[in-house]
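Some notes on the structure that comes next.
These numbers were taken from a predicted model, which means no experiment stands behind them.
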Amino acid sequence: MKVALWGLWHVHAPGYFNTASQLGEVVGVYEENAEWRKDFCKSKNVHEFNSPEELLASDAEGVIVCTSSDTHADVMVKIANAKKHIFTEKVLALTNEDCLRVEKAVKDNGVKFVISLFQKYLAGHITAKAIVDSGELGKINYIRFRNCHNGSTGDWLPPHFYNEKECGGGAMIDLGAHGMYLIDWFCGLPSSYKSVFTNVCKDEKVLEKNKDGVEDNALTVMSYDDGCIAVNETGFVTVGCPASLEIGGETGYLRVSGNTLVKSTDATERKEVAVPFLPASPAPLVQFLTGDILPGCGMEEAKHLTAMMVGAYANK
């Protein structure tokens with residue numbers, strides 16, 4: 001597929017560019033920040049679009065969106081109206097209303113839409129989903145996901161990742177997005193939210209970046225009408241902690257951490273046993289570029305992620 005890259009704001013933009021170059025053709029890059037744009041295009045030896053209009057008039061069949069989250073809706077409506085397919089970094093938008101604007105433009109123009117919910121396609125999580133769907137754990141009553149890094153305490157996150165307007169928040173809306181869409185995948189949308197957001201990093205260089213005081217340590221607890229509780233933990237202040245998923249049901253539990261999945265159920269006689277991973281699936285960007293799009297990274301899932309973030313930030 002011929003694609004264009006719109007935006008270099010997100011840290012994943014260079015990686016997306018590399019993948020798109022390997023699997024197809026990147027016809028050009030547009031970024032509002034002229035300095036970023038020129039430096040990137042020179043380093044990658046790729047055509048530089050000097051305006052959105054130039055990108056939209058190009059022969060790109062699809063567009064990879066890596067602009068700031070607050071501009072997603074306006075950018076994607078323009079792309080859809082230009083009849084170009086859309087791949088976007090999470091989140092889709094910062095409000096439910098903006099999600100509906102994007103959905104309408106995508107439907108009205110008949111373009112493909114894929115969002116980067118990549119953790120749903122990892123081998124460990126695919127295996128966990130198969131176990132849950134088999135009924136072996138019984139009715140699910142508890143799910144917990146923890147995913148963190150040291151982007152603040154290690155001072156490697158770019159300054160704009162602390163811009164509340166552009167990001168919509170801090171650790172929860174960025175890294176915490178993975179936990180939200182995984183919880184939705186396993187349990188659906190919750191009925192209530194309660195969040196605790198704190199600031200841990202007091203490094204002067206980071207405080208200078210984080211003038212808006214966005215959270216670097218975050219927790220959201222969610223509940224369901226059937227009594228199930230979901231916990232999503234994230235942050236930018238912990239190093240070396242592997243992502244972990246725990247799911248408990250009436251007849252068993254499972255835990256995924258790093259490269260290991262263990263379960264304890266009636267079938268294992270209540271013993272904790274290791275379970276081999278099922279094969280991983282291609283990442284959402286690969287699906288988008290090849291046209292082999294799997295369930296789970298479409299518009300409904302994108303809308304659900306925004307709805308969960310709206311709930312989490314409204315109840316902190």
Side-chain angles (χ1 to χ4, degrees), residues 1-13 16-17 20 24 26-34 36-37 47-118 160-161 163-169 173-174 177 180-181 184 189 284-285 287-289 291 293 296-311 313:
M1 178 189 290
K2 288 185 176 182
V3 298
L5 177 62
W6 189 333
L8 298 169
W9 180 90
H10 204 282
V11 294
H12 289 162
Y16 290 158
F17 175 88
V26 180
V27 300
V29 175
Y30 175 71
E31 159 57 46
E32 185 178 27
N33 184 309
W36 292 0
R37 183 177 74 236
H47 177 72
E48 176 186 350
F49 292 126
N50 291 303
S51 69
E53 291 74 21
E54 185 184 355
L55 183 153
L56 294 172
S58 73
D59 63 349
E61 303 163 83
V63 180
I64 298 171
V65 178
C66 285
T67 64
S68 60
S69 298
D70 64 319
T71 64
H72 274 188
D74 288 342
V75 166
M76 282 185 259
V77 167
K78 290 177 181 178
I79 295 168
N81 287 339
K83 309 293 185 183
K84 298 184 187 297
H85 306 304
I86 297 170
F87 174 88
T88 182
E89 180 53 73
K90 45 129 181 92
V91 293
L92 173 58
L94 300 183
T95 68
N96 296 318
E97 294 75 16
D98 274 347
C99 287
L100 295 177
R101 286 204 294 129
V102 177
E103 180 182 39
K104 184 177 186 303
V106 166
K107 286 184 176 179
D108 287 351
N109 291 283
V111 299
K112 296 176 183 177
F113 171 88
V114 174
I115 188 169
S116 184
L117 310 183
F118 78 88
H160 54 268
F161 263 53
N163 185 305
E164 187 172 19
K165 176 182 179 297
E166 294 179 5
C167 300
I173 202 166
D174 175 46
M180 291 304 195
Y181 66 71
D184 176 43
L189 287 174
L285 179 57
Q287 297 176 33
F288 177 74
L289 294 168
I293 299 172
C297 54
M299 186 60 69
E300 284 303 307
E301 293 82 7
K303 292 192 299 179
H304 283 197
L305 174 55
T306 290
M308 294 176 80
M309 286 302 176
V310 169
Y313 278 88

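Put simply, the side chain of Asn81 gets close to the backbone of Val77: a donor and an acceptor are under 3.5 Å apart. Judged by distance alone, with hydrogens and angles left aside, the side-chain atoms of Tyr181 form a donor-acceptor pair with the main-chain N or O of Phe118 at under 3.5 Å. Listed for the His304 side chain is no donor-acceptor partner under 3.5 Å among the backbone atoms of Leu189. Side-chain N or O atoms of Lys165 include none that pairs as donor or acceptor with a backbone N or O of Asp70 at under 3.5 Å. Side chain of Asp98 to backbone of Leu94: no donor-acceptor contact under 3.5 angstrom is found. Using a distance-only test at 3.5 Å, with no hydrogens or angles considered, a donor-acceptor pair links the side chain of Glu31 to the main chain of Leu8. When atom types are taken as modelled, the side chain of Lys2 and the backbone of Ser58 share no donor-acceptor pair closer than 3.5 angstrom.
A ring-centre distance under 6.0 Å is found for Phe49 and His47.
By the neighbour-count criterion of 12 heavy atoms within 6.0 Å, atom CD of Glu61 is densely surrounded, having more than that number from other residues, nucleotides or ligands.
With a 4.5 Å cut-off on side-chain heavy atoms, Thr306 and Asn96 count as touching. Side-chain contact between Met76 and Arg101: absent, with no pair of heavy atoms (C-beta onward) separated by less than 4.5 Å. Counting heavy atoms from C-beta outward, Tyr30 and Glu54 have side chains that stay 4.5 Å or more apart. Annotation: side chain of Asp174 is in contact with side chain of Lys90 (closest heavy-atom distance under 4.5 Å). Ile115 places a side-chain heavy atom less than 4.5 Å from the side chain of Phe113.
Between Phe161 and Trp9, the angle of the ring planes stays under 30°, which puts this pair in the parallel group of the 30/60° scheme.
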side-chain hydrogen bond (donor to acceptor under 3.5 Å, both in side chains) evaluation trace for His160 with Glu166: CA-CA 7 Å; His160 54 268; Glu166 294 179 5; 5.6 Å; no
Stepwise side-chain contact (heavy atoms from CB on, under 4.5 Å) test for Val65 and Glu89: CA-CA 6 Å; Val65 178; Glu89 180 53 73; over 6 Å; no
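Of the inter-residue distances, the one linking Ile64 atom CD1 with Met1 atom CE reads 9.0 Å to the nearest 0.5 angstrom.
Applying the side chain to side chain contact (heavy atoms under 4.5 Å, CB included) test between Leu305 and each of Ile173, Leu92, Leu117, Val310 identifies Leu117 as the sole match.
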